[in-house]
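To keep things clear, I will list the structure first and then write my remarks on it.
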Amino acid sequence: MTEKEKNDKIINLAVRKGFFWKSFELYGGSSGFWDYGPLGSIIKKKILDEWMRFYRIKEGFLEVDTPTINLDKVFVASGHIENFVDIIVKCDNCKEEYRADHLLNDLGIDIEGTDLNKYEELIERNNIRCPVCGGKLGRCQRFNLMFETSIGVDRNNRSGYLRPETAQGIFINFLRLSRLARTLPFGVVQIGKAYRNEISPRQGIIRLREFTIAEAEIFIDPNEDGLSIDKVADYVVNLFPRDYNREIRITIKEAIDNKIIRNKFVAYNIAIANMFLTRIGIPNEKIRFRQHKKDEMAHYASDCWDAEIKTDKYGWIEVAGIADRGDYDLRSHSIESDQELYIFKPFDKPIKVKKNVIKPNMDIIGPMFKDKSPLILEKLKKGEGIIKDGDLHLKIGDEDIIIKNGAYSIEETDEEVHGEKIVPHVVEPSYGIDRILYSLLESSYREEPLENGEMRVVLGFKAFMSPIDVAVFPLLPKKELIEKSKEVTELLKSYNLYVFYDDNGSIGRRYRRQDEAGTPFCVTIDFDTLDDDKVTVRDRDTMKQERIKISDLGEFLEDLIEQSKSTP
RNA sequence: GCGCUGGUAGUGUAGUGGUUAUCACUGGAGCUUGCCAAGCUCCAAACCCGGGUUCAAUUCCCGGUCAGCGCACCA
């Protein structure tokens, strides 16, 4: 079986069994959008539940749920309006499209920003022609990868964008969240949809225009990490550092000590990511963490490690990124919103500081500067203003204000300082849930020859991750057996199990159907059951059967499902 | 976005300018069947969308769309 054939089979199975399928099929479909069907919805939810268990329960992070549409200002601040843009130029002759910055870079010209005139001017001045046909290049166009929308009835009202990541919803709530957390470090998580208007999404469910991400923003004190890595010190991960050209297996502690991973929080979260992925059933040997090359990094990141999963079809695919965003986001929003975003960190003991404070004499300044004087007062309070040659110099807009000696005085004060303002740094683990789901499906897929020469297709999910917990069959479609089977079905539902009842076709066919769906257990009711109250429990992986008393059945299955959580 | 190739039941396919579009698997009803896709009967289910040419288009032409591949893109 080639890799392509295997992939085709998996997609085929996923569609047939109701894991996922293309959206809008009724109207011809649209690239980059996929629906989750009944089984896919459940497994996606189970992945998210497990993710939340890791981050909200175990790490103790706060959860938020913010709008998918954000005001344009949010993305002005975040840099997405500016940087989440490609400048495209099209050949007038052959209609081939290029990224203008790439054409310029090829000539060694570095250009930043999104000023179209600048691009067109440079292209013209350097006489850049179409690399394919030599034709003349047309006007430059801006292509932003965010979906734009307008808010409210009036089209000119306020412009908004569908978020390309959930992170901004956390950053802009920083002040409220930091008050709730009360101490650094703290983390905030959000799961939700994000949107990117990909130019040409391919690769099925791997590249989507609307997708689900699970993100944690961990706010840390840049001067004092306050993190113990004891829990993960000896945990071994597969690292692919930027300056190596190979993978290394190494403990977290070694990776930190040898400065392979600079940031302790990043290192810690690499371990958590590895634990999470293996927990839901991705084989450890198919996971690695690859450090981004310098030019590969997003505009906000100073370091980034991708969690990658080895797939048969697509090779190593990125399923999570663990980025060191520094203080980029909080500073940007601080500037854009004109609000200070910081945490006040008290000293152990207040310290006394002698300070020279400029005291303006408003009796003079007031009449002299009239309506500008309130602004002057405000600026002086902020500590702006330089004393040069005995005069006080101050800038208001473009204007230089000079306040003569005598219109102000300098006083020495003793000030008690109780702490300092800190702009936290952010480490962000960000997971692409759809890709994880695909990887899980692919790595769970196997075909096994049976004794009779047939092949059986199995999705070998861990029992607790399987969409259907248990199937119940009457051995034969006889009235008594069907009745008993429905009783058993109801009993199992009372254990909060998702039960699938099936009395159609031969018993073997029904087992096959459940193997394809990944159902770990099948319960069969036969005529003996009516006498001894025992049922046959059949295990998906071993196909072994065991007789269990109906009164023990619920707990028996619960135990097996629980056990599957700790198996590798 | 560009180029090439393709699009027929849920899936995989055959075929056609003209009556009721082939087959298999799957699915459903029943018979049979005492634990791993058995057998029999019956049933359901499709020509990607729009326009053109034509008496007549699923078939030919054009456009769109989706898919695969190549280029480009993937912060």
Side-chain angles (χ1 to χ4, degrees), chain A residues 4 7-9 11-18 21-33 37 75 78-86 88-91 93-99 101-103 130-133 141 143-146 164-165 196-204 206-209 292 295-301 304 317-318 321 323 432 448 450-458 473-478 481 502-516 522-529 535-540 542-547:
Chain A
K4 184 176 176 346
N7 179 70
D8 288 348
K9 283 184 179 175
I11 301 291
N12 196 301
L13 175 71
V15 171
R16 270 190 303 112
K17 298 303 273 190
W21 53 70
K22 285 189 304 170
S23 301
F24 318 122
E25 277 179 322
L26 191 58
Y27 294 106
S30 177
S31 192
F33 296 96
F75 298 119
S78 72
H80 283 91
I81 301 259
E82 180 77 12
N83 297 305
F84 201 47
V85 166
D86 289 339
I88 303 280
V89 63
K90 199 168 179 175
C91 171
N93 181 35
C94 72
K95 309 297 176 203
E96 187 72 26
E97 280 193 345
Y98 303 96
R99 274 186 59 173
D101 56 334
H102 285 188
L103 293 179
C130 171
V132 167
C133 73
Q141 282 186 321
F143 183 73
N144 192 297
L145 274 0
M146 286 191 293
E165 57 172 10
R196 296 174 188 189
N197 197 3
E198 301 282 357
I199 294 172
S200 173
R202 293 269 175 91
Q203 303 173 311
I206 300 300
R207 249 177 95 205
L208 299 171
R209 288 188 166 121
H292 274 206
D295 59 359
E296 190 183 351
M297 239 128 33
H299 61 271
Y300 48 71
C304 185
I317 59 167
E318 173 196 352
E448 274 179 12
L450 291 169
E451 284 172 14
N452 62 6
E454 306 258 4
M455 283 295 233
R456 72 164 185 150
V457 171
V458 185
F473 312 142
L475 183 59
L476 296 171
K478 298 286 185 215
L481 297 185
D502 189 359
D503 59 17
N504 194 296
S506 75
I507 190 72
R509 178 176 298 271
R510 283 176 272 167
Y511 284 145
R512 287 299 86 78
R513 281 199 275 251
Q514 294 309 312
D515 289 343
E516 276 194 322
C522 296
V523 170
T524 307
I525 283 81
D526 56 28
F527 287 110
D528 293 341
T529 307
V535 295
T536 305
V537 177
R538 178 262 197 185
D539 179 88
R540 177 195 63 208
T542 63
M543 298 198 285
K544 293 228 169 72
Q545 302 186 339
E546 198 176 342
R547 296 287 285 181

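Side chains included, hydrogens not; waters and symmetry mates left out as well; all remaining heavy atoms used. Order of the sequence lines sets the chain letters (A, B, ...), proteins ahead of strands, with each chain counted from 1.
- Between A:D502 and A:R509 no salt bridge is recorded (no basic side-chain N to carboxylate O distance below 4.0 Å).
- Within the structure, every side-chain polar atom (N or O) of A:N452 is placed at least 4.0 Å from both OP1 and OP2 of B:C36.
- Within 4.0 Å (heavy atoms only), A:P477 reaches at least one base atom of the nucleic acid.
- Look at A:S31 and you'll find a side-chain N or O under 4.0 angstrom from OP1 or OP2 of B:A67.
- Distance A:N12 CG to B:A67 C1': 14 Å, rounded to the nearest Å.
- A:R16 and A:E516 are joined by a salt bridge, as a carboxylate oxygen and a charged side-chain nitrogen come within less than 4.0 angstrom of each other.
- Place A:E198 and A:I507 on RNA chain B by their nearest nucleotides, and A:I507 ends up nearer the 5' end.
- If you check distances only, the side chain of A:T536 does reach the base of B:C35 with a donor-acceptor pair under 3.5 Å.
- Contact annotation: the side chain of A:L450 approaches that of A:R512 to within less than 4.5 Å [non-hydrogen atoms, C-beta and beyond].
- Counting distance only, with no hydrogens placed and no angle test, the side-chain atoms of A:R207 and the base atoms of B:C73 include a donor-acceptor pair under 3.5 Å.
- If you take CG of A:D539 and P of B:C36, they are 16 Å apart, rounded to a whole angstrom.
- A:P164 comes within contact range of at least one nucleobase, with a heavy-atom separation under 4.0 Å.
- Separation of atoms CD1 (A:I81) and CZ (A:F75) is listed at 8.0 Å; rounding is to 0.5 Å.
- For A:E454, the side-chain atoms get nearest to B:A37 when compared with the rest of B:A38, B:C35, B:A37.
- Only the C1' atoms considered, B:G7 is 15 Å distant from B:A14, to the nearest whole Å.
- Separation of the P atoms belonging to B:C66 and B:C49 is 15 Å when rounded to the nearest angstrom.
- Nearer the 5' end of RNA chain B, as judged by each residue's closest nucleotide, is the contact made by A:G28, out of A:G28 and A:E318.
- A donor-acceptor pair is defined here as one N or O able to donate and one able to accept, closer than 3.5 Å; such a pair exists between the side chain of A:R209 and the backbone of A:E198.
- Taking atom C1' on both B:U13 and B:U8, the two are 9 Å apart, rounded to the nearest angstrom.
- Atom CZ in A:R510 sits about 16 Å away from atom C1' in B:U26, given to the nearest Å.
- The base of B:C35 is not paired with the side chain of A:R538 by any donor and acceptor separated by under 3.5 Å.
- Base pairing analysis places B:G17 opposite nothing; no Watson-Crick or G-U wobble pair with both distances below 3.5 Å involves it.
- Taking a pair to require two hydrogen-bonding distances under 3.5 Å in either a Watson-Crick or a G-U wobble arrangement, B:C35 remains unpaired.
- For the C1' atom pair drawn from B:A46 and B:A9, the interatomic distance equals 4 Å after rounding to whole Å.
- Across all strands shown, B:A67 is found opposite B:U5 as a Watson-Crick or G-U wobble partner, with both distances under 3.5 Å.
- When the P atom is compared between B:C69 and B:G10, the two are found 24 Å apart, to the nearest whole Å.
- Under 3.5 Å, the side chain of A:Y27 and the base of B:C49 form no donor-acceptor pair of N or O atoms.
- For the pair A:R513 CZ and B:C25 C1', the interatomic distance rounds to 13 Å; values are reported in whole Å.
- The partner of B:G30, taking Watson-Crick or G-U wobble pairs whose two distances both stay under 3.5 Å, is B:C40.
- Regarding A:E25, its CD atom lies at a distance of 18 Å from the P atom of B:G7, rounded to whole Å.
- With both ends at atom P, the span from B:G63 to B:G3 equals 10 Å, rounded to whole Å.
- Across the strands present, B:C25 finds its partner in B:G10; the criterion is a Watson-Crick or G-U wobble pair with both atom distances under 3.5 angstrom.
- B:C73: no Watson-Crick or G-U partner with both key distances under 3.5 Å is found in any strand.
- The base of B:C36 does not come close enough to the side chain of A:D515 for any donor and acceptor atom to sit less than 3.5 Å apart.
- Base pairing of B:G50: its partner is B:C62, meeting the Watson-Crick or G-U wobble criterion (both donor-acceptor distances under 3.5 Å).
- Rounded to a whole angstrom, the distance from the C1' atom of B:A44 to that of B:A29 is 11 Å.
- The side-chain heavy atoms of A:V457 and A:K17, taken from C-beta on, include no pair separated by under 4.5 Å.
- For the pair A:R509 CZ and B:C35 C1', the computed distance is 15 Å after rounding to whole Å.
- Comparing B:C40 with B:C25, their P atoms are spaced 9 Å from each other, to the whole Å.
- Among A:L481, A:T529, A:L475, the single residue meeting the side chain to side chain contact (heavy atoms under 4.5 Å, CB included) criterion with A:T524 is A:L475.
- Here B:C35 presents its P atom at 14 Å from CZ of A:R512, a figure rounded to the nearest Å.
- With a cut-off of 3.5 Å on both Watson-Crick or G-U wobble distances, the partner of B:A45 is given as none.
- In this structure, the side chains of A:R510 and A:P474 come closer than 4.5 Å at one or more pairs of heavy atoms.
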